[in-house]
Structure formats: C-alpha cells, structure tokens
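These notes concern the structure reproduced below.
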Amino acid sequence: MSNLGPLINSQLNNQFSEVRVRFAPSPTGYLHVGGARSALFNYLFAKKNNGKFILRIEDTDVARSTDESLKMMVQDLVWLGLEWDEGVHPITLKDMGPCAPYRQSQRLHYYKKYADELLNSGKAYYCFMTDLELETVREKNKADGTHAHIESPYADWTLAQAQAEIVTGKTAVVRFKTKHLRKDYILNDLIRGEVKFPSDMVGDFVILRSDGMPVYNFCCVIDDALMKISHVLRAEEHLPNTLRQLMIYEGLGFPIPQFGHISLVLDDDRQKLSKRKGAVACDNFRRDGYLPEAMNNFMALMGWSHPEGCELFSMDDMKNLFSLERLNASGAVFDRVKLKWMNSQYLRAMDSQLLWKSILPFLTEAKIQLPNDLTSDLKWQMQSVEVFKPKMEIFSDSVSLYEVFDDSKFVIHPESDEFLKIETTKMVLQTWKDLVSEIQTEFMTTEDFMRIENEIKTKANVKGKNLFMPMRVAVIGKPHGTELKLIVPLMKKSSLIARAEKVIAIC
RNA sequence: GUUCCCAUCGUCUAGUGGCCUAGGACACCUCCCUUUCACGGAGGAUACACGAGUUCGAAUCUCGUUGGGAACGCCA
C-alpha cells in the first residue's frame with residue numbers, strides 16, 4: 001500500500017520568507033457568510049504575522065462569473081473592513097500588486113505554460129473520451145458497484161500521437177496522470193493534524209477543459225505557487241481537493257504551502273449553510289442594518305475562541321490574539337439569534353449621533369414621515385435615539401420604532417379594545433386632550449407630561465393600568481410600547497390632539 | 001456506495017491526563033427593577049454519543065461502534 005509514504009509537506013515550512021495568504025472567491029454570486037469568515041481568518045492571520053493578505057479572483061468559469069458579482073463581493077469585503085494588500089483595487093477593480101494580474105481569466109498563459117510542462121514530461125496527457133463514453137463508464141461502474149475511477153485509454157498515448165489527432169480537429173481535455181503515483185499522501189493540516197489520503201482516492205483528473213480553460217484545482221496550485229502563498233486557509237469542503245493539488249505541486253516541483261482546513265458554517269439542520277434557509281449573503285446583513293464589527297465578532301466566534309473567553313471584542317483584539325491553535329475543527333451552526341444579540345450590544349455602545357446617521361437611511365427608505373423638520377433638529381434626534389436605543393437590535397428595527405411619530409401611519413390596534421371599553425376611559429381621554437390643548441408650546445416637557453398625568457388621575461379618579469393603558473392608546477394606538485413620559489415630549493401637540501380625538505371618537 | 005473530516009448544554013464554545021461535583025455566551029425559566037413592552041440586575045435548569053482499552057487517575061490518549069457532514073464534475 002504505502003511503499004514510499006513520504007510526508008509530502010511537513011518539511012517545507014522554511015521555504016517561504018513571509019506569510020502570504022489569500023482569499024480567492026469566484027464571482028458567481030454574492031459573498032456568503034461562510035466565505036466572509038474564511039476571508040476574516042485569512043486577514044487576521046496575515047495581520048497577526050505581519051504578512052500579506054491577497055484577494056484573488058477565480059473566474060475561470062466564464063459562463064457564471066460576472067462583474068456585477070465581483071463588485072458586490074469587493075463591496076462586502078470593504079464593508080467588513082478586511083483590507084487586502086494585493087489583488088483587485090477595491091474601487092477601480094484594477095489589478096494592484098507584484099503578482100498581477102490577480103484574475104485567473106487573465107492568467108491563462110501561466111496555466112498553459114505549466115500544462116505544457118506536465119504534458120511534455122508525461123505527467124499529463126490529452127484525453128479524447130467523449131461525454132457519452134464517460135457517462136457510459138460511470139454508469140457501468142455504478143451498476144457494478146465498483147465505483148472505480150475513469151480510466152482513459154489515452155493515458156499511454158505519446159504526446160506526438162495525441163498531437164496528430166488534435167491536428168485533425170479533434171478536441172481533447174488534458175488529464176493529470178495519477179496511475180503511477182502509488183503511495184499515500186500525508187497532509188499535515190494546521191487545524192486537523194495529520195490527514196492521510198490513499199493515492200487511489202482520485203483518478204486521472206482534468207486540468208484543462210476541451211476549450212483550453214483550466215480547472216480550479218490546477219489554477220489554484222499554479223497561482224498559489226506563483227503568488228508565493230505560504231498558508232492556505234480555506235473551508236473544509238476543499239480538503240478532498242488537496243490530494244489533487246498535492247499531486248500537482250509534486251509534479252511541477254513547487255514548494256508546498258501549509259494547509260489549514262477551517263470547519264464549515266452550517267444551517268440549523270447541520271448541513272452546509274445555504275440560501276434556501278434564509279439570508280446568508282453578507283450584503284443581506286448590511287441591508288438589514290447589522291454592523292460590520294458585530295458581523296466580524298460573530299463570525300470569528302464560529303470556530304475561533306478568545307483566549308480569555310471574551311465574547312465581545314474588537315477587530316484590533318482579534319488581530320493581536322488570533323492564532324490557528326484556537327481554531328476548532330468541528331462545524332458551527334450559524335445562530336442568527338445570537339448574531340442579533342451581538343449586534344444589539346454593538347449598537348447600544350454606539351455614539352447617538354452616529355446611530356442617528358446610521359438609521360436615517362432606513363427611515364427614509366421606509367418612507368417614515370417624521371413631524372415637519374424634525375430631521376434637522378439635533379436635540380430631537382439625540383433624544384429620540386436615546387429613547388429607542390435599548391429597543392433596537394439592528395438598524396432596521398428603527399423603522400417600526402419611529403413609525404409611531406408618523407401621523408399618516410397612526411392606527412388603533414385591535415388589542416386596544418379592552419381598554420377602550422373601560423367605563424372611565426372616555427373621561428381619561430377627554431381630560432388628556434383638554435390638558436394637552438392648554439400647553440402653550442409645540443412640544444411639552446417631561447414635567448408637563450407628569451403634571452398632566454397627575455391631573456388626570458385626580459380629575460377622572462383613575463389610576464394604574466386603567467389610566468396609562470388608554471393614554472398610551474391615545475398616543476401610539478396600542479396599549480404596549482415605549483414609556484409615555486419618554487415618547488410624549490417627542491411628539492407635537494397637534495398630533496397628540498388629533499390622535500386623542502380619533503380614539504375618543506370610537507370609545 | 002467509496003474516501004476523508006467531525007463528535008462537550010438546544011446553539012456557539014472553554015477544556016491539551018488530576019485544578020471538572022465540566023466554565024462562559026446566546027436562547028429558555030424564576031425573581032428583582034418597572035404603572036405596560038423593552039433595557040438592566042440576581043438566580044435556575046440543561047452537555048462530555050456509546051463500548052472497550054491505556055493509566056493510580058480520562059471530557060482529555062488508543063481502538064472500535066454509532067451518528068452527522070463533506071467530497072467524489074470539462075463547478076469553485
């Protein structure tokens with residue numbers, strides 16, 4: 001079985017002079033939180049080790065890659081604050097750095113060159129098998145229960161033979177020859193420890209498609225080598241790919257980087273997080289009003305832990321404390337509830353002025369009409385933010401909170417009924433309306449409100465629930481909500497009166 | 001099916017042979033604060049998948065079982 005069993009990559013630690021890591025998304029959609037977490041860990045590892053963080057674009061799947069997607073991913077990474085040292089420029093999207101270009105679609109000459117090298121040395125060969133032939137073999141293998149790998153009859157052709165065939169117009173893929181590699185490959189994974197791959201785990205795999213485009217496992221190796229990537233930190237789903245990549249490294253005589261396979265981010269059902277189970281795009285969280293700091297903090301906690309057990313920590317803390325040893329090898333379920341809690345913690349620590357600026361776009365988008373010119377009234381803004389801050393978890397929560405100021409959205413909720421039926425309610429509300437009318441200013445103070453409340457108490461001879469529930473209905477249309485003495489001073493006298501009248505009319 | 005990976009409260013995790021009658025966080029429950037809803041504070045319930053070994057001693061090391069996941073493409 002393992003005649004040679006060389007420890008392929010453990011002896012190569014010193015071949016790299018500096019830490020260089022990369023995040024290499026394919027621009028075929030949005031940036032997934034799992035991807036964002038991989039980017040985060042790479043970024044942190046680079047920062048911790050004074051290394052370089054590189055953004056490479058894996059766009060060899062021409063049909064699915066789009067510029068739109070690339071822009072979104074870049075935007076999300078910028079939002080998270082995961083600045084990269086080399087790769088496409090965050091704004092112009094032009095290549096920047098010594099290893100440019102960083103888009104695989106523009107590096108085809110490299111892949112061609114190394115594919116030729118493999119072809120010439122007999123480590124790869126042209127394969128003329130048709131789709132139909134491949135399908136037939138697969139079906140047969142399945143039926144036999146052998147689950148053997150594809151064996152190409154062209155594996156032993158000479159290069160000249162194959163080239164003669166190509167001249168006649170036949171198309172071929174290039175396959176990497178694995179038959180002769182009869183040994184176990186041992187990967188010393190930074191997170192998982194020793195991982196042993198049996199050599200027959202893979203068959204001869206494609207490195208160049210029939211249209212000449214290279215395939216992931218091939219470009220990945222060439223680029224990592226050419227870009228002098230020292231550590232490959234990527235999701236666990238790539239673990240089986242590593243065997244193929246190890247074979248290519250070996251075939252080309254490239255120095256092998258250290259690998260670390262990070263655990264997967266899972267759904268509630270413990271399967272790989274997918275969009276069918278809810279929002280998984282970073283972009284989604286940004287739109288819902290999550291803070292990038294909270295996202296980073298939360299993502300880090302899926303798989304990594306703070307040495308002192310802290311739950312809340314800054315990016316700077318992470319940069320200083322990050323280490324691969326504290327990375328957990330088992331998968332982590334993405335807990336949206338905890339993420340929300342974490343965001344609320346960050347949100348509450350925010351400066352009120354900044355918080356106002358952050359929620360305003362959400363209010364505008366939801367077309368919340370604030371009384372007149374309140375949007376430019378700094379005092380009102382700060383006061384309202386202070387009142388609502390403990391009630392918000394994410395920015396978009398502000399919409400339903402600030403809605404109470406919008407007269408056009410004032411409705412009397414059905415849950416108010418039981419309080420409107422109470423005998424004393426009409427008296428309470430009438431008194432409330434009268435006393436509010438007597439106020440000489442546009443807004444009343446908290447003291448004004450307290451005084452009015454006391455007067456109603458005496459005049460209508462009502463206290464407790466029967467007093468403040470109806471009053472709250474008259475202010476916000478429902479019996480539960482923010483404390484009246486906090487919210488009433490934020491409302492215009494005219495709207496208070498108009499609302500009181502509406503409620504009085506139906507009780 | 002094959003290969004690989006993984007296995008501590010419902011969830012994220014701490015734990016690297018004795019500090020473990022297993023610690024923290026979210027969620028949950030109770031109480032306090034509160035004339036509602038929240039915020040906040042104090043408590044509580046809940047976990048080492050199972051079975052063998054190694055050891056004076058195992059959540060921790062080994063093996064097996066079971067369970068879960070991933071990969072098996074001219075996707076990445």
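In the text below, chain A, chain B and the rest are named by the order of the sequence lines, each starting its count at 1. All figures in this text were calculated on a predicted structure; none of them were measured in a lab.
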Going by the salt bridge (Lys or Arg N to Asp or Glu O under 4.0 Å) test, which pairs reach into residues 299-311 of chain A, not counting sequence neighbours?
Glu311(A)-Lys338(A)
Among the nucleotides U36(B), C4(B), C74(B), whichever has the atom closest to the side chain of Val215(A) is C74(B)
Could I get a table of every N or O pair under 3.5 Å where one atom is in the protein and the other is in nucleotides 43-45 of chain B?
none

With sequence neighbours left out, what residues match Asp224(A) under salt bridge (Lys or Arg N to Asp or Glu O under 4.0 Å)?
Arg22(A), Arg56(A)
Run the ring pair (Phe, Tyr, Trp, His ring centres under 6.0 Å) test against His32(A) and tell me which residues pass, sequence neighbours left out.
none
What distance do Ile207(A) atom CD1 and Phe218(A) atom CZ have between them, rounded to the nearest 0.5 Å?
4.0 Å
At 4.0 Å (heavy atoms only), tell me whether Leu312(A) reaches a base, stays on the sugar-phosphate, or touches nothing.
nothing
Counting only heavy atoms and a strict 4.0 angstrom limit, can you tell me which residues of residues 331-340 of chain A come near RNA chain B?
Gly331(A), Ala332(A), Val333(A), Asp335(A), Val337(A), Lys338(A)
Between U13(B) and Ser305(A), is there an OP1 or OP2 to side-chain N/O distance shorter than 4.0 Å?
no
Any side-chain N or O of Arg209(A) under 4.0 Å from OP1/OP2 of A76(B)?
yes
Check every strand shown and say whether Asp211(A) touches a base, only sugar-phosphate, or nothing at a heavy-atom separation below 4.0 Å.
nothing
Under 4.0 Å between a side-chain N or O of Arg326(A) and OP1 or OP2 of G15(B)?
yes
Residue list, salt bridge (Lys or Arg N to Asp or Glu O under 4.0 Å) with Lys179(A), at least two apart or on another chain:
none
From C-beta outward on Glu311(A), which listed nucleotide comes closest to its side chain: C12(B), G24(B), G69(B)?
G24(B)
Under 4.0 Å between a side-chain N or O of Arg138(A) and OP1 or OP2 of C74(B)?
yes
